[in-house]
Each structure stands twice: as structure tokens, then as C-alpha cells.
Amino acid sequence: MPRYTPAEIEARWQQAWEESDVFKAVRSADKPKYYVLEMFPYPSGRIHMGHVRNYTMGDVIARYKMATGHNVLHPMGWDAFGMPAENAAMASGGHPADWTYNNIRDMKAQMKPLGLSIDWSRELATCHPGYYGQQQALFLDFLEAGLVYRKNAVVNWDPVDMTVLANEQVENGRGWRSGALVERRELTQWFFKISDQSEDLLAALDGLDNWPAKVKLMQANWIGKSRGLQFAFSTVDAPDGHDKIEVYTTRPDTLLGASFVGISPDHPLAKLLERDNDDVAAFNAECRKGGTTEEAIETAEKLGFDTGIRVRHPFDTSHELPVYIANFILMDYGTGAIFGCPAHDERDFEFATKYELPIISTYLPSEDADETLAEAYVPAKTDKVFYNRGFAGDQWQTGNEAIDAAIAFCEENGVGQGVTKFRLRDWGLSRQRYWGCPIPVVHCDDCGVVPEKKENLPVELPYDNGNAPFDFSVPGNPLERHPTWRDVPCPACGKPAKRETDTMDTFVDSSWYYARFTAPRADTPTVAEEAAYWMNVDQYIGGIEHAILHLLYARFFARAMEITGHLPKSAHEPFDALFTQGMVTHAIYQTRDDNGRPIYHYPNDVEKLSWGDDSVYALKADLEQKGYYKEDQDEAFRNSIAKSYVNFPEVAVEVVPSAKMSKSKNNVVDPLNIISNYGADTARWFVLSDSPPERDVEWTASGAEAAFKHLSRVWNICDRIGEMDREAAGQGDEDLLKAMHKTIHDVTMGVESFGFNAAIAKLYAFTATLQKSKAGYKAQREAIMTLAQLMSPMTPHLAEDIWAHQGAEGLIVHAPWPKADEAMLVDDTITMPIQVNGKRRAEIQVPADMTKEEVEKLALAHEAVVRTLAGAEPKKVIVVPGKIVNVVA
RNA sequence: GCCCGAGUGGUGGAAUGGUAGACACGACGGAUUCAAAAUCCGUUGCCGCAAGGCGUGCCGGUUCAAGUCCGGCCUCGGGUACCA
């Protein structure tokens with residue numbers, strides 16, 4: 001009997017697809033278009049299982065949509081700028097461009113064997129001047145439209161290497177290479193005015209019906225619309241020009257509980273004070289230590305410095321509050337100053353306790369509750385509480401009611417106004433790095449910042465210093481050190497001027513690539529008729545880690561491109577449907593060195609030893625040494641070795657399950673091994689089969705083996721059917737076809753709803769049915785061909801092979817998706833479980849159309865029900881037709 | 001710290017508020033084989049001989065009925081604006 005030989009099958013069908021150019025996307029009037037896009041990869045050099053999972057899911061959708069009569073666009077590109085290329089150049093010489101292009105070549109070669117339905121003619125790389133030149137054109141249009149501006153912003157500064165560090169390059173507050181304590185420093189940088197769109201970016205989330213609710217919620221929280229009160233405290237003993245401190249609060253109802261005012265170390269008043277006061281300067285310097293991340297700032301120890309300045313409480317001018325500089329107050333949000341109400345805010349409570357400030361409640365859980373609080377009292381804003389120091393109105397009200405009342409009261413009394421603020425900050429795009437898209441502007445002493453002329457685009461990244469290579473091992477941006485690249489005439493006045501050396505954040509590159517795919521070679525960023533036809537992306541698929549930043553920036557870019565005429569109004573929200581997949585994880589195998597530090601081992605170097613339900617992991621090298629592998633060793637000896645690892649765990653291998661695959665932890669599984677051992681269809685089938693796509697999946701070798709066995713089984717069934725007697729009658733044709741139609745229905749539903757794992761379970765079940773079937777040739781042939789079609793989005797090569805084996809015309813990629821016959825889906829009799837008091841006691845077989853009354857009668861007469869009731873009279877009988885009976889006693 | 005998720009047998013997981021554990025792995029038993037691999041058939045949540053009882057991270061609630069809904073926790077994961 002011939003065997004399933006994926007290597008040969010897969011090469012043959014990939015060639016067939018390529019020869020007939022089946023995946024090339026061309027505009028067409030006769031079919032509805034469908035644009036499916038997976039988040040494009042960073043070219044790290046090796047594809048990993050996460051890529052395989054991501055692109056296989058997209059491929060299933062693309063192939064399914066093709067089969068259901070759509071004109072499908074399914075492109076692929078490379079998110080090719082970014083830090084890792086520069087890090088590689090820094091670590092081992094070489095050039096970021098060479099490293100990146102080599103990686104693209106390698107990864108493409110690794111992706112090709114997966115048999116993805118990609119239109120490779122649209123391939124793009126963001127590091128190619130053909131792409132980033134158009135991005136520069138977009139930037140200039142945005143600049144002209146007032147969507148870009150410059151301002152100061154803080155960066156991580158390494159005082160030893162004298163460079164800006166990315167957050168990732170800051171480890172425990174220190175520079176990753178120098179080990180120096182990082183400082184926060186201000187630089188003038190370019191910004192996109194994303195905050196102007198806050199209201200729309202928030203409101204439009206409502207219309208994204210096919211986005212995961214959790215992503216919309218995360219984005220909404222990130223944009224962070226809040227209503228609050230902005231008002232000013234009058235100061236006492238403050239320097240000139242600071243007779244007022246503006247604060248913003250979302251809890252004006254707690255104003256009467258204010259016990260201090262806090263200002264950011266970057267607040268103008270704090271900066272003024274530090275000029276003349278060494279203690280303030282020292283404190284502010286302390287606050288500026290450490291990285292810029294919100295996480296670092298929020299989890300740092302809360303520090304305050306009493307400036308000696310006082311402010312008057314607006315409703316009790318005899319009540320003076322101290323003004324502290326506090327390290328947890330961000331200049332970027334609100335006014336950079338707050339009032340602290342320790343009674344109703346955990347952070348303020350901690351601060352007040354530390355600096356011995358009063359804790360004054362404004363509301364309590366009840367009228368007679370003790371006003372002395374042992375901890376901050378922070379109920380939900382919707383809970384009714386008793387206001388012992390409230391503003392107008394009832395004393396019993398919810399926080400939300402009280403906030404509205406407080407704003408109204410303050411406005412009436414001339415203390416500030418109610419304002420709406422957003423948490424969303426403008427998007428800083430300047431990067432002081434080489435491997436990115438140059439910002440196309442020139443700095444002229446006379447004209448200031450001047451945009452480069454469009455005819456001079458692209459502003460290309462210089463490959464080297466002119467005659468010598470860049471030295472990437474020197475910290476800092478090599479563009480700053482180029483002898484001539486910066487020297488250009490001013491585009492406005494022609495005098496000698498300096499080119500901007502900052503490059504763009506790589507998030508800019510990934511914010512419009514979906515639009516570029518509609519016309520990837522055009523000499524404008526987009527082409528109107530192509531964009532109008534192909535946009536929007538009908539299904540976008542990618543990792544949940546992009547839920548906020550990438551997706552928000554891409555939504556902003558669609559709006560900015562609409563404003564500047566590069567995208568139609570209909571592309572305002574560019575992604576109609578979004579699916580966020582989980583990560584592929586893998587166990588980490590580690591032993592410890594003498595200092596207890598982990599040593600990471602490759603999965604291939606580790607062996608799992610099992611006996612019964614117990615198991616232990618050991619290093620193969622160690623097993624070798626102990627004679628475990630010697631041929632004459634019996635099972636008892638092997639078990640004794642295995643158990644010895646349990647007794648001496650220090651030599652056994654520790655297992656950390658479900659860790660994100662990471663090169664440094666040696667737990668990355670190379671999909672190429674799976675493909676070369678079992679074929680692409682097995683790899684594809686496996687990554688789809690076990691876990692729901694939105695959840696993380698742990699890669700295990702045994703699962704791949706099972707997937708391969710299954711595909712072999714299907715192939716063997718196909719082979720067997722081919723040998724059958726064409727004329728002989730069989731038994732159970734009807735049952736087989738019924739099962740087939742149910743499977744069509746279930747698999748279609750599964751694919752439509754991203755329930756790939758459930759769809760595959762149904763395919764397993766149907767395969768078992770077919771394998772055992774004694775039906776005649778005709779029915780079995782119909783069943784195997786339908787099975788091939790249903791599997792074709794997941795295992796396209798095998799499907800094509802079965803199709804051809806059964807003598808079908810043409811390619812299965814061109815075959816229309818099977819339709820379930822509704823009449824075949826209904827059952828005549830059904831099984832109904834009977835519960836007594838919610839516990840299942842029996843089940844009965846009844847005709848599907850039996851009335852409630854008859855079902856109830858049957859249920860009550862059931863021997864097990866009678867026994868359980870033990871003579872008690874049932875109080876109520878609930879019959880849910882077609883589902884269940886519950887007898888309440 | 002803050003925002004968002006997830007938690008179900010030995011394992012991955014299934015289950016429009018309606019029989020918890022589909023499907024698969026592993027394990028065990030059997031067929032086939034000189035033997036093995038491969039393949040095929042069967043058993044398999046836990047406790048119990050059985051009857052039965054217990055079971056979806058923990059505590060509480062709503063409901064005739066809760067893995068699913070609500071409240072409070074715990075643990076793990078993602079994001080936290082310069083990783084992509």
C-alpha cells in the first residue's frame with residue numbers, strides 16, 4: 001500500500017499553484033473582494049511557531065473565502081526597520097541593512113514551504129526606499145495639514161554612553177551596556193497630533209462590531225476620557241508669577257478632604273525652585289533617576305519634598321495646604337499638579353501617612369461611621385455613600401452624583417470649571433537612531449525647520465560614511481557622525497543647512513502598510529481606485545500584545561491619510577474585523593549553576609522519563625553517562641535511573657511551563673524541523689488543532705506526531721476508497737451522508753467564528769465515522785471529497801492530492817465550498833436528560849416533536865426519578881424542549 | 001502601581017445559563033506479529049467492590065439549573081506610550 005509522503009505531495013501542489021498563479025490578486029467586478037491580513041513579521045531571521053500559527057490562521061480564512069466566491073487579497077511584507085538590526089551590528093559587526101535583507105531572504109525561504117496563499121508579487125519591506133520614501137511623502141503632507149509638530153519630551157538618557165536608550169535598554173533603572181543609572185532628560189522631538197482625534201478614536205470604537213470587546217475596552221481606557229474640575233489654588237509665599245497653581249481633579253467631590261497639593265518635578269514651579277534651592281535641585285534630580293516608563297514611575301517609592309509654599313483652600317481660606325513636589329505626578333497629564341485627598345485615594349493615603357499629613361474624610365459608608373480611617377476608603381463611584389463633607393444636595397448619594405454636584409457648585413461659586421480631559425498623549429515619533437525612516441526636514445539658521453522638497457524624496461539612509469563603513473559599536477546615532485550626509489542646502493533659501501538626523505519610530509512604518517499593499521509599487525503612497533476597491537481590511541489577525549499601541553496608531557494614520565487625501569472616507573476605520581491570537585509558548589528547561597543561576601537547555605538536549613503517571617526530565621548527556629541508552633539495559637534499570645532523578649532533584653532538569661518563546665531561554669522551537677519531519681500540512685494542522693486560537697498554545701512534540709498520524713489516516717482512507725468496487729452496494733449510506741452534512745455545517749461555523757480547534761475536532765470525528773463506514777463507493781467517495789474540501793483551508797496540499805486521487809476536475813482551490821443540506825441536519829429522535837433538583841438522574845429517548853406534556857409524563861414515570869423522589873410530590877417540572885427536563889421536589 | 005485577559009482530568013482542551021470533560025495526547029488492556037515498529041479495537045475525572053458521593057483556582061450570591069451571570073479574593077499572562 002502506498003504511504004502518505006508529504007514532502008513529495010507538498011512540492012507538487014505548491015508548484016501547481018505557482019504555475020497557475022492562483023493567489024495573485026487583481027481587481028475584478030464580478031466577485032466581492034476580501035482583504036485578509038496578518039500582522040507582518042519583524043525579520044528576525046528565523047520563523048517561529050507564532051508566525052506559523054498567525055499565518056496559518058490567515059491562510060485558513062483566505063482559502064475559505066476563495067472557496068466561498070471572493071476575490072481575495074492576502075499579502076505579506078516585512079516590518080524591517082528597528083533596533084534588533086542595530087543591536088546585531090553592534091554585537092557582531094556587519095551592517096543593519098545586510099542583516100535585515102539576509103533575514104528577509106532566509107525567512108521567506110522558510111515561509112514558502114508552508115504553502116500559504118500569499119500574493120508574493122505585492123511583497124514589501126519597510127526599509128526599502130520604495131516604501132519609506134512614500135512614508136516621507138505622507139509625513140510632509142501631514143506636516144502641511146498641521147498633524148505634526150515639535151515639542152520637548154523626556155527620554156531615557158545614559159549619562160555614561162551619552163545616548164538615548166529605549167525602554168527595553170533600561171534594566172532595573174540602569175543602562176544595559178554602561179550599567180549607569182539612567183536619567184530622564186528633555187529633547188525636542190516630533191509629534192503626531194493623535195490627541196486631537198481622542199474623541200473620535202474613542203467614539204468610533206462603538207462601531208467596531210467585529211473587534212474583540214477586550215481590545216476596545218483597553219483602547220477606551222488608554223484614551224481615558226474623564227470629566228473633572230480644573231481650578232486654581234492661590235499660593236502663599238510663592239515666587240513671582242506663581243500666585244496660582246492650576247490643578248485638575250476627577251474627584252472634586254473630595255475637595256473638602258484635601259490635605260496637600262502635589263506638583264510634578266517637571267512642573268514650572270518645581271523647575272523655578274530648583275534654580276535657587278540646592279535641596280529642591282537634589283530632590284528633583286533624584287526624581288529624574290530611572291526610566292521613563294509609567295510602570296517604573298508608578299511602582300517607585302512615593303517621594304515628596306515640602307517646598308514650604310502654602311496654598312489656600314478655595315472654600316476655607318483660613319485652611320492652608322502644603323505644596324509638595326512628588327515623584328509620582330506626571331507633567332504630561334492634566335496640569336502636572338494635583339490636590340491630595342488621602343481619605344479616598346490609596347496612593348495619597350500612603351503619601352499622607354509617610355509625611356504625617358491630615359486624613360480628612362468627605363464621605364463614609366454610613367452616617368455614624370468612625371471618621372478615623374485606617375486605610376483609604378475607595379468605594380465604586382456607583383455606590384451610595386454618606387457625604388459628611390459634601391457640597392450641595394442630599395448627603396446620601398453616589399460618587400458620580402456627587403462629582404456632578406461638586407462641579408456645578410464650584411462653577412457657581414467661581415472656583416474653576418468642569419472640563420473633559422483625555423489621558424491619550426501625542427505620539428512622539430523621533431528616534432535618535434540609524435535604522436529607521438529619515439525624517440525629511442532640514443534645519444536652516446535663517447528659515448528654521450524646513451520640509452524637504454517632495455522631488456528630493458526619498459531622503460535615503462546612507463549605507464556608509466562615504467568611503468568608510470559606519471562603526472555601529474560606538475554608542476549614538478551614526479548619522480550624527482556622517483561627514484557630509486547632513487550638509488544640504490536649505491530647501492527654502494538655498495543656504496547651507498543641516499538635515500535632521502532623527503529617524504521615525506517603527507510604529508509609523510506599520511501604521512499604513514495595510515494601505516500600501518493595495519498599490520505596493522505606486523509612486524504615490526496610495527492609488528485612489530486601488531485603495532477604494534481593496535480597503536478596508538476585512539479580517540486583520542495578530543497578537544494581543546498589539547491591542548493598544550499599534551492598533552491605535554494605525555487607526556490614527558487612517559484618519560490622517562483621509563485628511564490628506566490618501567485614503568477614502570470609507571477607510572476611516574481601516575480594519576473591519578480584528579482577531580487577536582494567543583502566543584505560542586514552550587517549556588523552558590533549566591538546571592542551575594553553583595550560584596543558583598539558571599542554565600537554559602535546548603528541548604533536544606532534554607529527555608522526559610516516564611513510568612506510570614509519573615515523569616521527570618533529565619539531560620540526555622547525563623543519561624548517556626549513566627548508561628541509560630545502552631542496548632542491553634532492561635526497563636527496571638531505566639526506571640531506577642529515572643526515579644533517581646526524583647530523589648536527587650538537583651541533577652534533574654527543572655521545567656518552567658508555558659513561557660513565551662525566547663532566543664535567550666533556548667526554548668524556541670524551529671518549525672522547519674516539524675516541516676521537514678512531517679510536512680507543512682502537519683505543522684498547520686497541529687497549530688490549529690489543540691488550542692483555541694485566541695489563547696496561548698504550548699508547543700509539544702507529541703501533538704505534532706498525532707497530527708501527522710491523522711493526516712496519514714485520511715490519506716489511507718482516500719487510497720482505500722480508490723480501490724473499492726464501484727458497483728457493489730454498501731450499508732449505511734444515509735448515515736454517512738447525514739454525518740457528512742452535519743460536519744459541513746459544524747466546520748463552516750467553526751471556520752467563520754475562528755473556532756478552528758472545534759472545527760478540527762469535528763473533522764477528527766467524521767474521519768473516524770468514514771473509516772468505519774461500510775457504505776457503498778458512491779457515498780464514500782462523496783464523503784472523502786467533502787472531507788478534503790473541508791480540510792483544504794487547513795491542509796491544502798493533502799486536500800489537493802485527495803481531490804486529484806479521486807479523479808476530480810481542476811484544483812481544489814477553485815472548487816466551491818460544500819453546502820450543508822438543512823434537511824440532513826435534523827434528527828427524528830433526541831436524548832433528553834432528566835434532572836431532579838438540578839442533578840442528572842436519567843435520560844430518555846423521545847421523538848423530536850414530542851409535546852412538553854408528554855415529555856413531562858414520561859420523565860415523572862421514569863424509574864430513577866420515582867426512586868429519587870421517594871414518594872415526594874414534585875413542586876414544579878421544567879421542560880426545555882429539545883434540551884432538558886428538571887424536576888423540582 | 002494601573003488597564004485587559006486567563007485558570008476545567010495525568011496533559012492540550014470541549015461545552016447559545018440546560019447531560020461537565022467533545023476531540024486529541026499520555027497511560028492501561030487487547031488484536032495483528034517469531035518479535036518489534038506501524039496499524040486496528042477497547043478502557044480511562046476523582047473516591048468507592050457497589051449503591052452512591054465529590055468535582056471547572058478560592059470564598060460568597062442570583063437561578064428550577066452556573067465552567068458560563070454578579071460581588072470579593074488568589075495565581076499566571078499581556079500592555080503600560082522608545083521591543084516589535
Side-chain angles (χ1 to χ4, degrees), chain A residues 3 39 41-42 44 79 81-84 87 155-156 164-170 194 212-215 217-222 224 291-300 302 328 332 346-347 423-433 505-507 510 543-550 552-553 580 582-583 585 610 612-615 657-660 689-692 694-698 700 702-703 705-707 709-710 712-713 716 755 757-758 760-765 768 771 831-835 837-843 875-878 880 882-888:
Chain A
R3 292 170 62 92
M39 290 179 186
Y42 179 80
S44 60
D79 187 13
F81 276 136
M83 280 206 314
N87 292 343
V155 292
N156 299 303
V164 176
L165 297 179
N167 287 334
E168 200 187 45
Q169 296 169 321
V170 178
I194 187 172
K214 63 178 171 183
V215 174
L217 188 56
M218 279 190 263
Q219 292 224 349
N221 289 337
W222 185 261
T292 58
T293 65
E294 190 188 314
E295 185 197 3
I297 291 163
E298 288 284 335
T299 54
K302 310 289 176 280
F328 55 87
D332 289 321
E346 278 163 26
R347 193 177 59 184
R423 204 185 78 100
L424 181 63
R425 309 200 297 254
D426 279 333
W427 170 14
L429 66 118
S430 301
R431 296 293 181 271
Q432 295 70 43
R433 275 191 276 280
D505 177 8
T506 55
F507 272 125
S510 53
I544 186 66
E545 67 271 21
H546 295 294
I548 296 175
L549 292 180
H550 162 63
L552 193 61
Y553 292 155
T580 52
M583 295 181 303
T585 62
S610 306
D613 279 342
D614 295 312
S615 62
S658 302
K660 190 173 175 172
S689 63
D690 262 3
S691 275
E694 67 278 10
R695 227 191 284 184
D696 291 353
V697 62
E698 173 140 20
T700 57
S702 55
E705 178 77 32
K709 279 186 189 173
H710 176 75
S712 304
R713 205 174 296 137
N716 290 340
N757 54 328
I760 281 178
K762 301 290 184 189
L763 289 167
Y764 268 111
Q771 185 161 29
T831 305
M832 284 187 85
I834 305 168
Q835 295 180 330
N837 291 329
K839 280 188 192 260
R840 195 180 76 94
R841 295 296 173 181
E843 61 182 38
K875 285 184 195 138
K876 196 160 58 158
V877 179
I878 291 149
V880 185
K883 291 277 186 196
I884 202 164
V885 182
N886 193 7
V887 180
V888 186

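We name chains A, B, ... by the order of the sequence lines, and we start the count at 1 in each one.
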Colleague: Any side-chain N or O of A:K214 below 4.0 angstrom from OP1/OP2 of B:G77?
Modeller: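 Result: no.
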
Colleague: Should A:E294 and A:R423 count as an ion pair when the cut-off is N to O under 4.0 Å?
Modeller: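 Yes, A:E294 and A:R423 are salt-bridged.
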
Colleague: Describe the nucleic acid contact of A:P41 in one word from base, sugar-phosphate, nothing, applying a heavy-atom distance below 4.0 Å.
Modeller: nothing

Colleague: A:S430 near the nucleic acid: base, sugar-phosphate alone, or nothing, with a heavy-atom cut-off under 4.0 Å?
Modeller: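 Base, at least one base atom sits under 4.0 Å.
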
Colleague: Which whole-number value in Å describes the distance from A:Y42 OH to B:C83 C1'?
Modeller: 10 Å

Colleague: Please give, in whole Å, the distance from B:G5 C1' to A:H546 NE2?
Modeller: 17 Å

Colleague: Looking at A:R695, does any N or O in its side chain come under 4.0 Å of the phosphate oxygens OP1/OP2 on B:A6?
Modeller: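 A:R695 to B:A6 OP1/OP2: no side-chain N or O under 4.0 Å.
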
Colleague: Less than 4.0 angstrom between a side-chain N/O of A:T293 and OP1 or OP2 of B:U80, yes or no?
Modeller: no

Colleague: Please classify the nucleic acid contact of A:G428 as base, sugar-phosphate, or nothing, using heavy-atom distances under 4.0 Å.
Modeller: sugar-phosphate

Colleague: For B:C3, take OP1 and OP2 only and decide whether either is under 4.0 Å from a side-chain N or O of A:Q219.
Modeller: no

Colleague: Of A:L424 and A:T299, whose closest RNA chain B nucleotide lies nearer the 5' terminus?
Modeller: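 Per heavy-atom nearest nucleotide, the more 5' residue is A:T299.
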
Colleague: So A:F328, base contact, sugar-phosphate only, or nothing? Heavy-atom distance under 4.0 Å.
Modeller: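 Answer is nothing: A:F328 stays at 4.0 Å or more from every strand.
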
Colleague: To the nearest angstrom, how far is A:D505 atom CG from B:A84 atom P?
Modeller: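 Going from A:D505 (CG) to B:A84 (P), I get 7 Å.
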
Colleague: Encode nucleotides 18-24 of chain B as B, S and - characters from 5' to 3', where the letter depends on protein heavy atoms closer than 4.0 Å: B to the base, S only to sugar-phosphate, - to neither.
Modeller: BB--BSS

Colleague: Taking 4.0 Å as the cut-off, does a side-chain nitrogen or oxygen of A:N837 come that near to OP1 or OP2 on B:C64?
Modeller: no

Colleague: Whole Å only: how far is the CD1 atom of A:I544 from the C1' atom of B:C4?
Modeller: 8 Å

Colleague: A:R423 side chain N/O closer than 4.0 Å to the phosphate oxygens (OP1, OP2) of B:U80?
Modeller: no

Colleague: Between A:K876 and A:A213, just flag the one whose closest nucleotide in RNA chain B comes earlier from the 5' side.
Modeller: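 It is A:A213, whose closest nucleotide lies nearer the 5' terminus.
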
Colleague: As a check on the pairing definition, encode RNA chain B in dot-bracket form, counting Watson-Crick and G-U wobble pairs whose two distances are under 3.5 Å, and using | for partners outside this strand.
Modeller: (((((((..(((.....[....)))((((((.......))))))(((....)))..(((((..]....))))))))))))....

Colleague: Whole-Å distance between B:A37 P and A:R3 CZ?
Modeller: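 It works out to 15 Å between those atoms.
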
Colleague: Would you indicate what A:K709 reaches in the nucleic acid, counting non-hydrogen atoms under 4.0 angstrom: base, sugar-phosphate, or nothing?
Modeller: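 Sugar-phosphate, backbone atoms only, no base.
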
Colleague: Hey, is the side chain of A:S691 poking within less than 4.0 Å of OP1 or OP2 on B:G12, counting only N and O atoms?
Modeller: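 No, because none of the side-chain N or O atoms of A:S691 sits under 4.0 Å from OP1 or OP2 of B:G12.
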
